[in-house]
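In this chain, numbering begins with 1 at the start of the sequence shown. On a predicted model such as this, the values are computed, not experimentally measured, just so you know.
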Amino acid sequence: MKQKINYRNAEECLHATYNDMKAMTLDDAVFILSEIVRKYHEAKNDRERTNLPRVRIIKAYEIMLNIVNQPDMREKVKEYISELDKEIERCEELYEEVSVDYSDPTRSLAIQCRIETLSQVKSDLKSRLEELI
């Protein structure tokens, strides 16, 4: 069984393959990229620059790209809140239609409970969004 690779140790990663680096974390990737940039600028000639371990650079770069390309969750939450607003408005219109006809009071109560639940979810999302900002 293989031991876990210490990604901060260049010697351990020297002969590692791309598949060996599946467990690399974002912290490891940031460290590797910053270390590589530092070493690149400290290198005295092109030969020293070309000897930098490419596999670690590629894997670290891919991890950074995956983080950068993830959708902004704040925007997704804002979109969901606006969808909740539309659904609440739709339910309120339906409640008004149903409340005029007193033949089915359970349906009226069910719609009212749905409106309250959607409103609670909306306010909870708004408060969590404000905590993040």
Side-chain angles (χ1 to χ4, degrees):
M1 188 167 122
K2 288 186 176 182
Q3 290 181 341
K4 184 179 183 300
I5 297 174
N6 178 5
Y7 301 105
R8 294 174 185 235
N9 184 341
E11 293 300 318
E12 282 187 39
C13 297
L14 192 58
H15 299 291
T17 64
Y18 181 83
N19 287 331
D20 293 336
M21 300 208 173
K22 287 183 180 175
M24 184 183 289
T25 65
L26 177 62
D27 289 337
D28 295 330
V30 169
F31 175 82
I32 288 168
L33 291 176
S34 61
E35 177 193 26
I36 298 301
V37 169
R38 183 183 51 77
K39 285 186 176 182
Y40 182 84
H41 289 290
E42 289 176 357
K44 294 176 180 69
N45 55 38
D46 286 338
R47 191 175 135 275
E48 287 181 12
R49 288 187 180 110
T50 57
N51 287 336
L52 296 174
R54 287 184 173 84
V55 174
R56 287 194 319 152
I57 296 170
I58 292 168
K59 184 61 181 173
Y61 185 68
E62 285 181 352
I63 289 173
M64 297 298 285
L65 282 179
N66 286 340
I67 298 297
V68 168
N69 291 332
Q70 286 182 350
D72 184 13
M73 292 310 293
R74 290 181 195 96
E75 291 300 318
K76 295 282 184 188
V77 170
K78 288 177 185 176
E79 288 175 20
Y80 189 64
I81 289 173
S82 67
E83 290 174 16
L84 284 173
D85 282 333
K86 291 176 187 174
E87 182 63 18
I88 290 171
E89 288 174 13
R90 190 189 70 77
C91 287
E92 286 173 345
E93 290 172 4
L94 185 62
Y95 178 74
E96 289 174 5
E97 292 173 9
V98 171
S99 63
V100 171
D101 181 23
Y102 294 109
S103 63
D104 194 5
T106 56
R107 185 166 182 208
S108 174
L109 184 62
I111 294 171
Q112 191 176 10
C113 289
R114 180 172 173 82
I115 292 170
E116 288 177 24
T117 303
L118 291 172
S119 298
Q120 289 173 357
V121 170
K122 177 184 158 189
S123 65
D124 184 50
L125 285 174
K126 279 187 172 181
S127 66
R128 290 174 190 247
L129 190 62
E130 288 171 2
E131 287 175 6
L132 291 174
I133 297 174

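Annotation: salt bridge (Lys or Arg N to Asp or Glu O under 4.0 Å) contacts of Glu87 (sequence neighbours excluded): Arg90, Arg114.
Looking only at side-chain heavy atoms (C-beta outward), Ile88 and Glu92 come within less than 4.5 Å of each other.
Ile81 contributes atom CD1, which lies 6.5 Å from atom NZ of Lys126 (distance to the nearest 0.5 angstrom). Between the CG atom in Leu84 and the CD atom in Glu79 there is a gap of 12.0 Å [rounded to 0.5 Å].
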What side-chain donor-acceptor pairs closer than 3.5 Å can you find for residues 106-113, not counting sequence neighbours?
{"from": "Thr106", "atom 1": "OG1", "to": "Asp104", "atom 2": "OD1", "distance (Å)": "2.9"}

